[in-house]
Amino acid sequence: MSRSDVLVDADWVQAHLDDPKVVVVEVDEDTAAYDKNHIRNAVRIDWKKDLQDPVRRDFVDQAGFEALLSAKGIANDDTVVLYGGNNNWFASYAFWYFKLYGHGDVRLLDGGRKKWELDSRDLVDGAEVPARAATTYKAQAQNTSLRAFRDDVLAAIGSKNLVDVRSPDEFSGRLLAPAHLPQEQSQRPGHVPSARNIPWSKNANDDGTFKSNEELTALYQAEGVDLAKDTIAYCRIGERSALTWFVLHQLLGQENVKNYDGSWTEYGSLVGVPIELGSN
Amino acid sequence: MCGAKAGGPDLAGVDVANETIIQGSVTRDGEPVNGYVRLLDAGGEFTAEVPTSSTGQFRFFAAPGKWTVRALVPGATVDRVVVASQGAQTEVPIAV
């Protein structure tokens, strides 16, 4: 697998906007961003409404994912290109989610919505929505080799790599959420003992594009992460750590990397688990 | 597009007394600019980023201390260093 198999630039997307086998999908933290404007012919997936079980804290099941992609007009053999705001946090989350359910060809638009906007590329009005005929999408059973659960995290303390990708202030316990959100939260601040704080932002340039594979390899080496060992990445709700999972698993080709989507909102609410405060 | 507004977006429903708010607007020749505003901690590390609103406004919920606010707009990057405190709204007007 090469970098271009999972990451495309804006010129590539521009050239494929009318390709019926390429589906551009916007996934934003701000789920209303698509309504303002979006890349022409892009469809929307709402990470809250479409990807989460409406009752339990979990993902939609296999049948639910099949129904979603069928309704969006996405076929099993389509190339799906994901993009979104906030440096592709939720587009990365959707990428990981598509891989969890076994979609073959899924890619990220490097830099996402921000890079597209900073380059002053065209966006169409939010009301201009493409018509895609429904498909009969078949998903695979969840590939849980990509997904960590709370017991995996507890078992990894002191033995596997735990990479906390939140900002240093969230890691140390000064903040409970990324600073664009109010800080009123119920869980305890801090981090999982033995976790290394390697903020997701170290993977990216200011414009949201990913750093080169050489720079990324050097980053994790300099941080003392032994990539030969199993790795679990986490953040607050699993979206920024999906970006780090993308870097380690997809760009650098490390097979033994999982994303913990329960992340700090789960771990920081568990009764009796160890928590550490302060910086690395 | 309406004109630029000073200060951050509406604070209805937010526990202002317990939050450490950094907010402001990004303008060019008095008009709001569509772009992004990034919050960097005292060590220069990314903490958060928001798109500006249609009126050029932005807001962060930070912790007390020194921060850098960086506006990223087409063709320009502008930094402002601020010191924020709990219960206060630190205003950061940025002209690019």
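With a 4.5 angstrom heavy-atom cutoff, L181(A) touches chain B only via backbone atoms. Neither the backbone nor the side chain of D207(A) comes within contact range of chain B; no heavy atom of the residue lies under 4.5 Å from a heavy atom of that chain. Both the backbone and the side chain of L72(B) come within contact range of chain A, with heavy atoms under 4.5 Å apart. Residue P178(A) touches chain B through both its backbone and its side chain, counting heavy-atom pairs closer than 4.5 Å. With a 4.5 Å cut-off on non-hydrogen atoms, R166(A) does not touch chain B at all. Only the side chain of Y36(B) comes within less than 4.5 Å of a heavy atom in chain A; its backbone stays farther off.
The number of heavy atoms from other shown groups lying within 6.0 Å of CG (D226(A)) is above 12.
When all heavy atoms of A48(B) and H180(A) are compared, the pair lying nearest together is CB-N, 3.6 Å. The two residues A62(B) and L175(A) make their nearest non-hydrogen contact at C-CD2, 3.5 Å. Summarising the geometry of F46(B) relative to S201(A), their closest heavy-atom pair is CB-OG, 3.2 Å, with the distance given to 0.1 Å. Of all heavy-atom pairs spanning L118(A) and P74(B), the tightest one is CD2-N, 3.8 Å.
Ranked by heavy-atom pairs under 4.5 Å with chain B, the list G85(A), A33(A), S167(A) is led by S167(A). Note: D41(B) leads V37(B), I21(B), T20(B), D41(B) in heavy-atom pairs under 4.5 Å with chain A.
Under the 3.5 Å distance criterion, with hydrogens and angles disregarded, a donor-acceptor pair is assigned to the side chains of E49(B) and N87(A).
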